[in-house]
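Below is one structure; the comments refer to it alone.
Proteins get letters first, then strands, A, B, ... in listed order; numbering begins at 1 in each. Values below: every heavy atom of this structure, side chains too, minus hydrogens, waters and symmetry copies.
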Amino acid sequence: MKYFITVICLSLFAVGAFAQKIDYDKRVEELGITLTPPSTPSANYVKAVRVGNLLYLSGHGPSRPEGGSITGKVGQDLTTEEGYDAARQVGIALLSTMKAELGSLNKIKRMVKVLGMVNCTPDFEDQPKVINGCSDLLVEVFGDNGKHARSAVGMNALPSNIAVEIEIIVELK
Amino acid sequence: MKYFITVICLSLFAVGAFAQKIDYDKRVEELGITLTPPSTPSANYVKAVRVGNLLYLSGHGPSRPEGGSITGKVGQDLTTEEGYDAARQVGIALLSTMKAELGSLNKIKRMVKVLGMVNCTPDFEDQPKVINGCSDLLVEVFGDNGKHARSAVGMNALPSNIAVEIEIIVELK
Amino acid sequence: MKYFITVICLSLFAVGAFAQKIDYDKRVEELGITLTPPSTPSANYVKAVRVGNLLYLSGHGPSRPEGGSITGKVGQDLTTEEGYDAARQVGIALLSTMKAELGSLNKIKRMVKVLGMVNCTPDFEDQPKVINGCSDLLVEVFGDNGKHARSAVGMNALPSNIAVEIEIIVELK
């Protein structure tokens, strides 16, 4: 009987732990990531548009924490690993815009679709390894809800020669 | 008392003016833009597909008013300014398809997402200045509802060597 | 009177034939196409994400029936016709993912939006003829419901040097 009660209690605990929602804003803090309010575009577009429960984000670039952007072509000016780091910075920029638009990342249900564009040489073949920098970050923050449909492709040129540009569609609760 | 009534009246006028909807079809005319019915694609795709209140438009190119398309690579065959003009022509082509699909532009709620692709050299860095040609047009026509999330990126090649290709997602009323 | 009844019967037959739904799973079989369960991505993304009645598919590449992928740049390593065949293989890969995600292709209402990316040389201009390989397949399977909004563009590089990468949005019933 005692054993039976123990099993019941453990099961309830497990269910409770599973149902406990992750606090995404806190998760970002725990990862030591600082989200900074994004700059307003100077041209006739915006960082994000909401339609129903979908949030469409503009293509974002890799801002350096110390200012400026990570530039250059992967396969020539940057290694794949440096490209990965750039894509992670893009991910942080995307999170910053989500936070600024929504007030809290906890309004997010899941990541839906990523278009990851790598500024690279014509013979570069590891675009997925570069864009993983962003995908890994999204899963660090949102867990399985961070997984997304994705294309990771090579571009011959990007604005201001940034190394990576990524746009994303997010589903809201 | 008279002053009070005057304030009330002015307020009502202001609210009325604000609520007055812009006629987008008329706005296009006022801008001196002629929308021509788009050609039907010869292959197995269509110019636009509606799902719920979203209209997905195919990638459009820059038709010349006198016929043919604006071709060449920006940064080599075209200046940034010529690229801007090409992107504006793409915007007119997109508006033409919207009008043909919907009957009236007044069925549109807002622009949602633009993917602006510039046929350019590997060292060209001003894709945003080119795609502004389309973004500016959309805001001239739709005002704040013309603002959109956007990516402006460089391509090594586009169909028939057109200078710019842009696809867009539109929200309907 | 006999004539009248004949006309009625023929009309009813015509309406019945029209209302009869095409079995998309069967149609794929009739076309001699074998759909194989797609591999699970090793990185932090997934092959498809469903939001409401939309299914967003990741960028897919052209798997060879005998294993491996079709690689190379169209306009240099592959002809336009070989590119077309590669795009058809991508279409089969996309159908395989749809089937794996949904259980049956009959849950599909229509194709919505294709982004067709061709790995090509800077002077290649026939991206639409390449992506037709996928578009034609979709219409062979889904009829008019296979028609989609589309962009067909050139990329300077794709993952593992695959010849074509295509992502698609699908509307479900």
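- Closest approach of P38(A) to K47(A), counting heavy atoms only: CB-CE, 4.1 Å.
- Within residues 79-104 of chain B, no residue approaches chain A closer than 4.5 Å by heavy atoms.
- Heavy-atom minimum distance, A152(A) versus Q127(A): O-CB, 3.7 Å.
- Looking only at side-chain heavy atoms (C-beta outward), L31(B) and V141(B) come within less than 4.5 Å of each other.
- Contact check on E30(A) versus R27(A) returns a salt bridge, with a Lys/Arg side-chain nitrogen under 4.0 Å from an Asp/Glu carboxylate oxygen.
- A heavy-atom distance below 4.5 Å is found between the side chains of V114(B) and I166(B).
- We find the CG-CG distance between N106(A) and D23(A) to be 4.5 Å, quoted to the nearest 0.5 Å.
- In this structure the side chain of M111(A) never reaches within 4.5 angstrom of the side chain of S135(A), judged on heavy atoms.
- Looking only at side-chain heavy atoms (C-beta outward), V153(B) and E165(A) come within less than 4.5 Å of each other.
- In this structure, chain A has a heavy atom under 4.5 Å from the side chain of L115(B), while its backbone stays farther away.
- Scanning both residues, A48(A) and A149(B), for their nearest heavy atoms gives CA-CB, 4.4 Å.
- For chain B, the nearby parts of M155(A) are the backbone and the side chain; heavy atoms of each come within less than 4.5 Å.
- At least one side-chain heavy atom of K173(A) sits less than 4.5 Å from a side-chain heavy atom of K109(A).
- Annotation: maximal heavy-atom pairing with chain A below 4.5 Å, among R110(B), K147(B), E125(B), occurs at E125(B).
- Only the side chain of N132(B) comes within less than 4.5 Å of a heavy atom of chain A; its backbone N, CA, C and O stay farther away.
- Residue-level contacts of residues 50-74 of chain A with chain B, in order of numbering, are V51(A), Y56(A), L57(A), S58(A), G59(A), K73(A); threshold 4.5 Å between heavy atoms.
- With a threshold of 4.5 angstrom between heavy atoms, I131(B) does not approach chain A through any atom at all.
- In this structure, chain A has a heavy atom under 4.5 Å from the side chain of V139(B), while its backbone stays farther away.
- Residues I33(A) and L137(A) have side chains in contact (heavy-atom distance under 4.5 Å, counting atoms from C-beta outward).
- Inter-residue side-chain proximity for S151(B) and M117(B) is flagged as unmet; no heavy-atom pair is nearer than 4.5 Å.
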